[in-house]
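FYI, side chains are in, hydrogens and waters are out, and symmetry mates aren't considered; it's all heavy atoms of this structure. Just so it is clear, the structure is predicted and the values come from calculations on it, not from any experiment. A, B, ... follow the sequence lines: proteins, then strands. Residue 1 opens every chain.
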Protein chains: 2
Amino acid sequence: MQSRPATARPGRPRSAAADAAILAATREALVELGWSKLTLGDVATRAGVAKTTLYRRWSGKNELVVDAVAELFDELRLPDRGSLAADIEGVVLQFAAILARPEARSGLMAVVAESTRDDALRERLRTSVVDRQKRLVVEGRVRAQCRGELPPESDAGEAARTVDLIFDMVAGAVVHRTLVSGHPADEEWVRGFTQVLLLGLTGAASGAPGE
Amino acid sequence: MQSRPATARPGRPRSAAADAAILAATREALVELGWSKLTLGDVATRAGVAKTTLYRRWSGKNELVVDAVAELFDELRLPDRGSLAADIEGVVLQFAAILARPEARSGLMAVVAESTRDDALRERLRTSVVDRQKRLVVEGRVRAQCRGELPPESDAGEAARTVDLIFDMVAGAVVHRTLVSGHPADEEWVRGFTQVLLLGLTGAASGAPGE
DNA sequence: TCGCTTTCGCTACGGGTCGTAGCGTAATGG
DNA sequence: CCATTACGCTACGACCCGTAGCGAAAGCGA
């Protein structure tokens, strides 16, 4: 069971403070410089560490920025606002607030672009960012089923496909609105979006319609 | 009135063939190398032109890739399939087919990421890519209104907001499905997506024709 | 307290790309 | 024929990359 000598390793342990400083410096550099002008040497200087220390922990710019941006999504929570519509609006507003921050705007789409040619990066992005968001969809569905707002799923495969569809619709719409159209996903927009999404779901996809 | 000496300019005219060769070489390099490893020197070599010629026409990598990727969306058409649902499915499938091509996957998200810090690039992206897509939404709505599938808009402002919402939902969902979730937006997915979207918009169950 | 191990800061380096300047030549129009 | 512009080519300084090597520092076990 000692196949993880992570803590039982001899020698000087790695500084956890350095990790935090590097990730914070990365976000700071993303705000000031953006993705393309961000250099690892500059990040190391901002963090007060040597460039070699940075390279010992991250293999490159992509991996570093993924981790730096992923921390922004830690604050995502599923609020209990009493109804499915209100819950969706709440979590979407949180998501929009994160995407409104410049460090997320500059970094997130860049690593998504890079992940289209790097399977390892895609996996890292999936586990540390995407899956954490998707879990909120699953939780929200369960809660709505407990409330009786959604029927319990009959087919597991159909249910999984529905979760994927909802997730792509929610995250995709907010990202597109914020980063491509360039308009803020404010309360008015979120209200209209939730209305369309929820009306489309409660009548159609929840319970295996045409079968 | 001769403030546009675009054609009446003395001297040797610019080679239109060089423009096409450069853009084609850019797409080729995007496929082989991806965004981050693409260099302007390599593109110039592939196109058979000098690097300086490339810099005389494009100010940098961002602008070049925007133009190269924008040409991919020229083939987008709004098909007339008889019903609003079928029209949406058709255009979404076209959009998904473009996003499935590696030169679009690598380039599009990268320029979107860069455009978050470059207003001129954002404007270029908007006029040459985004607005062209959004027009399809407007056309599709007009056609559906002629068919009687959608009511004519009462408020112009409300109608514009609805178009923006639909556009962000459609484009965002397809992009997120393809590039973030990493799954193809195939016919089955498009059918489910269209069903949810259309039900959410009209509020009435639109029976899928042909089934 | 003493070694062993690993990390850390620092310097230096070759390699690559960037974006521009300069030059001579090619192509078009008056 | 001449002015004007585009083109190909070379060269250049500047910057960043990613790594190697070194001595010092920080834990851990004996």
Side-chain angles (χ1 to χ4, degrees), chain A residues 2 4-26 29-30 32-65 106-107 110-111 114 117-118 120-121, chain B residues 2 4-26 29-30 32-67 106-107 110-111 114 117-118 120-121:
Chain A
Q2 49 192 6
R4 286 285 302 271
T7 59
R9 182 169 41 181
R12 176 178 177 176
R14 287 190 173 174
S15 164
D19 270 31
I22 291 173
L23 292 176
T26 303
L30 276 177
E32 291 183 18
L33 306 173
W35 163 270
S36 58
K37 296 184 185 297
L38 180 146
T39 67
L40 295 191
D42 180 68
V43 170
T45 303
R46 289 172 187 266
V49 301
K51 193 171 59 165
T52 46
T53 299
L54 207 157
Y55 274 101
R56 287 190 190 99
R57 309 182 183 204
W58 286 277
S59 58
K61 189 166 155 178
N62 295 333
E63 289 73 16
L64 174 63
V65 173
S106 332
V111 292
E114 290 301 308
R117 311 205 96 253
D118 186 337
L121 185 65
Chain B
Q2 49 193 5
R4 286 286 301 272
T7 60
R9 182 169 41 182
R12 176 178 177 176
R14 285 190 175 175
S15 164
D19 269 33
I22 291 172
L23 292 176
T26 302
L30 276 177
E32 291 185 19
L33 305 172
W35 163 269
S36 59
K37 295 184 186 298
L38 180 145
T39 67
L40 295 191
D42 180 66
V43 170
T45 303
R46 289 172 187 264
V49 302
K51 192 172 61 166
T52 46
T53 299
L54 208 156
Y55 274 101
R56 288 191 190 100
R57 309 182 182 206
W58 287 277
S59 59
K61 190 165 155 179
N62 295 333
E63 289 74 15
L64 174 63
V65 172
V66 168
D67 287 3
S106 333
V111 292
E114 290 301 309
R117 310 205 96 252
D118 185 339
L121 185 65

Between D:dT4 (P) and B:Arg14 (CZ): distance, integer Å: 18 Å
Interatomic distance, A:Asn62 CG vs D:dG18 C1' [rounded to whole Å]: 14 Å
Gap between atoms OH and C1', on B:Tyr55 and C:dG19 respectively (whole Å): 5 Å
CG-CZ distance between B:Leu33 and A:Arg117, expressed to the nearest 0.5 angstrom: 7.0 Å
Under-4.0 Å side-chain N/O to phosphate OP1/OP2 contact, A:Arg12 with D:dA25: no
Among C:dG9, C:dT6, D:dC17, the one nearest A:Leu40 by side-chain distance: D:dC17
Atom-pair distance (CZ on B:Arg56; C1' on D:dT4), nearest Å: 14 Å
Nearest-0.5 Å distance, OG1 of residue B:Thr26 to CG of residue B:Leu40: 8.0 Å
B:Leu38 CG to C:dG16 P, straight-line distance once rounded to whole Å: 17 Å
Upstream residue (5' side of DNA chain D) when B:Val49 and A:Ser59 are each assigned their closest nucleotide: B:Val49
Nucleotide of C:dT20, D:dA6, D:dC16 approaching A:Thr39 most closely (side-chain heavy atoms): D:dC16
Sugar-phosphate only, base, or nothing, as touched by A:Thr52 at under 4.0 Å among non-hydrogen atoms: base
Closest nucleotide among D:dC9, D:dA25, C:dT28 to the B:Pro13 side chain: C:dT28
Closest listed nucleotide, where the reference is the side chain of B:Ala50 and the choices are D:dT4, C:dT5, D:dG8: D:dG8
Whole-Å gap separating P (D:dA14) and NZ (A:Lys37): 18 Å
Euclidean distance, atom NZ of residue A:Lys51 to atom C1' of C:dT7 [Å, nearest integer]: 18 Å
Length of the line joining A:Glu63:CD and D:dG18:P, which is rounded to integer Å: 10 Å
